[in-house]
Amino acid sequence: MRWFESLARRSAEMHRPADVPRPADVPVAERLAEALEAASRGDYAAALGIWEPLAHAGVARAQNNIGACFAEGFGVEPNRDLAFRWLALSAEAGDAVGQRNLASLYFRGEGVAPDYGRAAELYRAAAEQGDGPAQDMLSWMLLEGEVVEPDPAAARRWAAAAAEQGIASAMTRLGMIHHNALGVPRDPAEAVRWWRSAALRGDADGQAMLGAACHLGAGAAADGVEGYAWLLRASAAGSALAERYLPAARAALSPDETAEAERRAAASLTGGGS
């Protein structure tokens, strides 16, 4: 789970109350960036030393980060109650990452009773602010329709927004939407285009669906070796979807073709792989 986010896209000071004075002479955004860099190298003590006074001063992104530390035990003992309290403060202040992380607690029932409706509200609030992971999760909820009213058109819009930010799981979902004609005409080639984009970014289910498409020649030129290679990658990454197609894909190949597929599957995606 992406508890922390970089400050590159937008300044974290946008959610600092106007009447809260700057801590010391260093701008808040710079202090948050320093803390994030410390956290990225595993020095949570240093990060918490920066985040804690900022969080108490009302800086919403710091409140999110403190909540994340209590949620996962980064530098502190895990405490779901404190995680919820800090994330709630961040979300109430309008921080998109705080909203998304609080939504996750409601969705999973961690530190609070499960509340899928509240989770959806928070994911939507974060998604409307441009948070890619929230857009991805909201898309999934709207497509599955198990905890909110299904809306395939809205699911596709949010998946497209997340895909624009490079989120591979959203790309895989767009492929499924076009493959299964969910609110759009069925378009196997468009499905394969999205699955390939997701697969190259390492999404296991995208790799599985691309492998199946190549194996079956559905939306892509039939290529058993390429298909089996992608299915092997997907299986190694834990995709249950790959297991549906692996036996038939394997049976269709000669020993030499199987060896070639295994070679491709073992190669780096950026270093000569499929």
Handout entry: Gap separating the CG atom of Asp136 from the OH atom of Tyr123, nearest 0.5 angstrom
Key = 10.0 Å
Exercise for the section: Could you tell me whether a side-chain N or O of Asp95 sits under 3.5 Å from a main-chain N or O of Val97, the two making a donor and an acceptor? Expected result: yes
Practice task
May I ask you to decide if the ring planes of Trp195 and His179 are parallel, tilted or perpendicular, using 30° and 60° as cut-offs?
Solution key: tilted
Practice task
Would you kindly confirm whether Met171 and Met176 end up in one hydrophobic cluster when ILVMFWY residues are joined by side chain heavy atoms under 4.5 Å apart?
Solution key: no
Exercise for the section: Only pairs at least two apart or in different chains count here, so list each side-chain hydrogen bond (donor to acceptor under 3.5 Å, both in side chains) that has a residue in residues 246-261. Expected result: Tyr228-Arg250, Ser254-Glu257, Glu260-Arg263, Glu260-Arg264
Problem - Shared hydrophobic cluster for Val225 and Leu269 (ILVMFWY, side-chain gaps under 4.5 Å) - result: yes
Problem - Arg196 CZ to Thr172 OG1 distance, which is reported to the nearest 0.5 Å - result: 13.0 Å
Practice task
Can you sort out the partners of Arg85 under side chain to side chain contact (heavy atoms under 4.5 Å, CB included), two or more places apart, ordered by chain and number?
Solution key: Leu82
Exercise for the section: Apply side chain to side chain donor-acceptor pair (under 3.5 Å) to the pair Glu128 and Gln135, showing each step before the final yes or no. Expected result: CA-CA 8 Å; Glu128 289 173 347; Gln135 293 169 339; over 6 Å; no
Practice task
Spell out, as yes or no, whether a donor-acceptor pair under 3.5 Å connects the side chain of Arg80 to the backbone of Ala71.
Solution key: yes
Problem - Flag, side chain of Ser40 to backbone of Glu37, donor-acceptor distance under 3.5 Å - result: yes
Fill in the blank from the handout: In this structure, CG of Leu122 is separated from CG of Leu138 (nearest 0.5 Å) by 11.0 Å
Practice task
Taking only Lys NZ, Arg NE, NH1 and NH2, and the carboxylate oxygens of Asp or Glu, determine whether Glu121 and Arg118 approach each other closer than 4.0 Å.
Solution key: yes
Exercise for the section: Mind listing the closest non-hydrogen atom pair of Leu231 and Ala242 along with its distance? Expected result: O-CB, 3.7 Å
Problem - Pairs touching residues 205-221 that satisfy side-chain hydrogen bond (donor to acceptor under 3.5 Å, both in side chains), sequence neighbours left out - result: Asp205-Ser239
Problem - Rounded distance [0.5 Å steps], CG in Leu174 versus CD1 in Ile167 - result: 11.5 Å
Exercise for the section: Give the minimum heavy-atom separation between Ala126 and Ala134, together with the two atoms involved. Expected result: CB-CB, 3.6 Å
Problem - Check: Glu144 and Pro150 side chains under 4.5 Å, non-hydrogen atoms - result: no
Practice task
Could you tell me whether a side-chain N or O of Asp203 sits under 3.5 Å from a main-chain N or O of Ala199, the two making a donor and an acceptor?
Solution key: no
Practice task
Mind checking side-chain hydrogen bond (donor to acceptor under 3.5 Å, both in side chains) for Arg193 and listing every partner two or more places apart, or none if nothing turns up?
Solution key: Glu190
Exercise for the section: Flag the pair Pro78 / Glu72 as yes when at least one side-chain heavy-atom distance between them is below 4.5 Å, and no otherwise. Expected result: no
Practice task
Test Phe84 against Tyr106 for ring pair (Phe, Tyr, Trp, His ring centres under 6.0 Å), laying out the working first.
Solution key: CA-CA 9 Å; Phe84 177 81; Tyr106 275 111; 5.7 Å; yes
Exercise for the section: Grab the two heavy atoms, one from Leu87 and one from Asn64, that are nearest each other, plus how far apart they are. Expected result: CD2-OD1, 3.4 Å
Exercise for the section: Could you grab the distance from atom CG of Leu89 to atom CD of Gln63, nearest 0.5 Å is fine? Expected result: 5.0 Å
Handout entry: Check: Ser197 main-chain N/O paired with Arg201 side-chain donor or acceptor under 3.5 Å
Key = yes
Problem - Residue pair Phe107 / Met137, side-chain heavy-atom distance below 4.5 Å - result: yes
Practice task
With sequence neighbours excluded, tell me which residues meet salt bridge (Lys or Arg N to Asp or Glu O under 4.0 Å) with Glu34.
Solution key: none
Problem - ILVMFWY network linking Ile177 to Val192, side-chain heavy atoms under 4.5 angstrom - result: no
Exercise for the section: Kindly indicate, with the supporting measurements, whether the criterion side-chain contact (heavy atoms from CB on, under 4.5 Å) is fulfilled by Arg61 and Ser90. Expected result: CA-CA 7 Å; Arg61 183 56 57 84; Ser90 177; 5.9 Å; no
Practice task
Please step through side chain to side chain donor-acceptor pair (under 3.5 Å) for the pair Gln99 and Gln129, ending with a clear verdict.
Solution key: CA-CA 10 Å; Gln99 291 167 339; Gln129 291 197 69; 3.0 Å; yes
Problem - Closest contact, heavy atoms only, Ala60 versus Ala93 - result: CB-CB, 3.7 Å
Practice task
Give a yes or no answer on whether the side chain of Arg108 reaches the backbone of Ala103 with a donor-acceptor pair at less than 3.5 Å.
Solution key: no
Just distance, no hydrogens or angles: give the donor-acceptor pairs under 3.5 Å from side chains in residues 154-164, sequence neighbours left out.
none

Practice task
Let me see the working for Val59 and Leu32 under side-chain contact (heavy atoms from CB on, under 4.5 Å), right down to the final yes or no.
Solution key: CA-CA 10 Å; Val59 178; Leu32 286 171; 4.1 Å; yes
Problem - Worked verdict on His56 versus Trp86 for ring pair (Phe, Tyr, Trp, His ring centres under 6.0 Å) - result: CA-CA 10 Å; His56 282 287; Trp86 280 113; 5.2 Å; yes
Exercise for the section: Report yes if some heavy atom in the side chain of Ser169 is under 4.5 Å from a heavy atom in the side chain of Trp140; otherwise report no. Expected result: no
Practice task
Kindly indicate whether the side chain of Leu48, heavy atoms from C-beta on, has any atom under 4.5 Å from the side chain of Cys69.
Solution key: yes
Practice task
Provide the closest heavy-atom pair for Leu241 versus Met209 in the form atom of the first, atom of the second, distance.
Solution key: CD1-SD, 4.0 Å
Problem - Nearest-0.5 Å distance that lies between atom CG in Asp131 and atom CZ in Arg124 - result: 14.0 Å
Fill in the blank from the handout: Correct closest heavy-atom pair for Leu232 and Glu262 would be CD1-CG, 3.8 Å
